[in-house]
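Only a predicted model underlies this, so the values are computations on that prediction, with no experimental measurement involved. When a residue number appears, it is its place in the shown sequence, counting from 1. Values below: all heavy atoms of this structure, side chains included; hydrogens, waters and symmetry mates excluded.
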Amino acid sequence: MASPSALLSEALLQCGICQDVFSEPVSIPCGHSFCLSCITSRWDQSAASSCPKCDTLFATPPELCENSFAREMSERVRARRKQMDSEVQEMIQDRLQKVEEIQHCVELSKENAKLEMDRSAEIFSALFQTLERSRSELLETIQRRQAAMEHTAQRLTAQLEMEVNELERRRNEMEQLLHTDDRLLLLQRFSALSSASESCCDGVIHPDPCPGIVRRALVHVDEQLCSFLKALSIQEHDMMLQYSTDVYLDPRTANPWLVLSEDRRRVQDGDVERDLPDLPERFDTVPCVLAAEGFTTGRHYWEVEVGDKTSWDLGVAQASVNRKGLVTLSPQDGYWAVCLRRASEYRACAAQAQLLYLPQRPKVIGLFLDVTDGTVSFYDAETKSHIYSFTHVLFTEEIFPLFNPDVNDNGRNSSPLVIRPAEESTNLDVTI
C-alpha cells in the first residue's frame, strides 16, 4: 500500500481536467498545470480561454510552458504505479496458484480417502470372512466333539448298566445261597459270586471343552491380522519418506559432556566435561541435545542410526522444556520419546512408561512428526515396522527433534547417534 506522502505527491501531480497523473504536463500563466492534450482540447472546444482551476480568463490562448519537474515526477509516479500493478498482479497470481494447489490437494485427498476406504473395506471384509470361517469351523468342531462325547457317554452308560444288572443277579443268587443247608455248595458258589470281575468300563468323560480350542481357532485370524499390520506398516512408512527432512544438531543446546561432529549430524558422550557457556537453552545435567530447527506445522520425517548402542533416547521436545537439572521424559513435561536401556529394554515414555516388545533390535530408528495432526511415530527404518505412536497431541509450541546418546558406560555405549541425510532416507527401496 502506498504511503500517505506518496498519495499526497500523486494528488499534486494530477491533472485538474482528466483527474489522472500528468501526461506531458504544461503550465499556463496563472501557475496551474495540466496535460498538454487536456488543456488544448478544452480551449479548442471553448470560445474563451480560461484556467479550468481558478477561472482566470485570458484574452488570447496563452503560451504553454513545459513543466519538466511535473513531467519527471509524473513519470516516476507512473513507473511506481506500473511496478505496484506488477507486484499486485504477481500477488494475485500467487494466491490464485495457491487456490489451485489447495483445490488440487482437496481432490487428491478425496481420491486418497476413497482409496483408503476401499482398502480398509477389503481388509476388514477379509478379516470378517476369516473370523466367520473360523467361527463356523469352531462351532462345527465343538458340536462334533459334543456329539462324540455324548455317544461315548451313552456307550459307557449302557456298559455300566449291564454291569449293574449282573451284579444285582449275583447278589440275588448269594441271598438264595445263604438259606441252603448244603455247606459245600455254599462255599463254592459264594467264593465264585463274591469275586466280582473288574469293570470293563474305563472311559473318561470331561464336562469342559477341549482346552485351547477357541484359541487355536483364532490362530488363522491372528496370522492374517499380523500380515495386514505388517503390510500397512510398510506402506505408511514408505509414504512418510516423502516428508524426509534434513535435521542438524544445535551446539547451543548440547550438554557439555557431549561431542558433536563438524557436520552436526553425530553426537556421543565425550567422557570429558567441556568448559562451555551456561546458556539458557543448554541442557546442564542430562546428556541431551536438540535440533537446530524446530517445526510449527507440517509433516517431517528423519532417521537416526543407533547401531549397537545399549542406551539412548529419541523423540521430540517442545521449545519451553526445562533444560536445567534432572529431566523427566513424558508428554506432561513436553517430551514425546522412546528409549532403550540395558541393551534390550525398550520403553515408550508416555504418562506411564510402557514396555515395548520388539521382534528384533532395530539399528535405524525412523521418526515421523505430524504437527497439525498431533502425531509422533517411531519405526524400525530397516524392516519398516511400526514401534510406537503418540497420537492426538495438541502441539501449542515449536517442536524440536531430541537426541540423547546417554553415557559412555565404560565403552559399552560409546557409539554415536547418527542422523541420516534426507536423501539417504528417500533413496531406500520402496515396497508397497
| task | Take Glu305 and Arg420 through the test salt bridge (Lys or Arg N to Asp or Glu O under 4.0 Å) and record every step on the way to the result. | result | CA-CA 7 Å; Glu305 296 178 11; Arg420 283 185 168 181; 3.1 Å; yes
| task | Please assess Ser414 against Asn408 for the test side-chain contact (heavy atoms from CB on, under 4.5 Å), listing each intermediate value before the final yes or no. | result | CA-CA 5 Å; Ser414 59; Asn408 189 304; 3.8 Å; yes
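A distance of 7.5 Å separates CG in Asp250 from CG in Leu290, rounded to the nearest 0.5 Å.
For the 3.5 Å distance criterion, the side chains of Asp406 and Ser311 qualify, holding a donor opposite an acceptor. The closest side-chain donor-acceptor pair between Tyr379 and Glu303, if any, does not fall under 3.5 angstrom. No hydrogens or angles considered: nothing links the side chains of Thr253 and Glu281 as a donor-acceptor pair under 3.5 Å. Side-chain contact, Ser389 with Thr391: no donor N or O sits under 3.5 Å from an acceptor N or O. Asp333 and Ser330 are linked by a side-chain donor-acceptor pair at a separation below 3.5 angstrom, with hydrogens and angles left out of the test. With hydrogens and angles left out, the side-chain atoms of Gln93 and Gln89 include no donor and acceptor closer than 3.5 Å.
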Hey, can you pull the donor-acceptor pairs under 3.5 Å for the side chains in residues 345-363, sequence neighbours left out?
unit_1, atom_1, unit_2, atom_2, d
Glu345, OE1, Arg342, NE, 3.4
Glu345, OE1, Arg342, NH2, 2.8
Glu345, OE1, Arg347, NH1, 3.1
Glu345, OE2, Arg342, NE, 3.1
Arg361, NH2, Asp308, O, 3.0
Arg361, NH2, Lys309, O, 2.6

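When the side chain to side chain donor-acceptor pair (under 3.5 Å) test is applied to Ser120, no partner is found at least two apart in sequence or on another chain. Listed by chain and residue number, nothing satisfies the salt bridge (charged side-chain N to carboxylate O under 4.0 Å, His left out) test with Asp284 (two or more places apart in sequence, or in another chain).
Considering only heavy atoms from C-beta on, Cys15 comes within 4.5 Å of Phe34 through its side chain.
In the displayed structure, Glu273 atom CD is contacted under 6.0 Å by more than 12 heavy atoms of other residues, nucleotides or ligands. Atom CZ of Arg266 has 12 or fewer neighbouring heavy atoms from other residues, nucleotides or ligands inside a 6.0 Å radius. In the displayed structure, Glu24 atom CD is contacted under 6.0 Å by at most 12 heavy atoms of other residues, nucleotides or ligands.
Between Phe283 and Tyr335, the ring-plane angle classifies as tilted under the 30° and 60° cut-offs. In this structure, Phe124 and Phe128 have tilted ring planes: the angle between them lies in the 30° to 60° band.
In this structure, Glu132 pairs ionically with Arg135, as a charged nitrogen and a carboxylate oxygen lie closer than 4.0 Å. Taking the charged nitrogens against the carboxylate oxygens, Arg169 and Glu166 do have a contact shorter than 4.0 Å, which makes a salt bridge. Between Lys114 and Asp118, at least one side-chain nitrogen of the basic residue sits less than 4.0 Å from a carboxylate oxygen of the acidic one, meeting the salt-bridge criterion.
Of the options Phe395, Tyr388, Phe378, Phe368, a ring pair (Phe, Tyr, Trp, His ring centres under 6.0 Å) to Trp336 is made by Phe395 and by none of the others.
Between the side chain of Asp85 and the backbone N or O of Arg81, no donor-acceptor pair lies under 3.5 Å.
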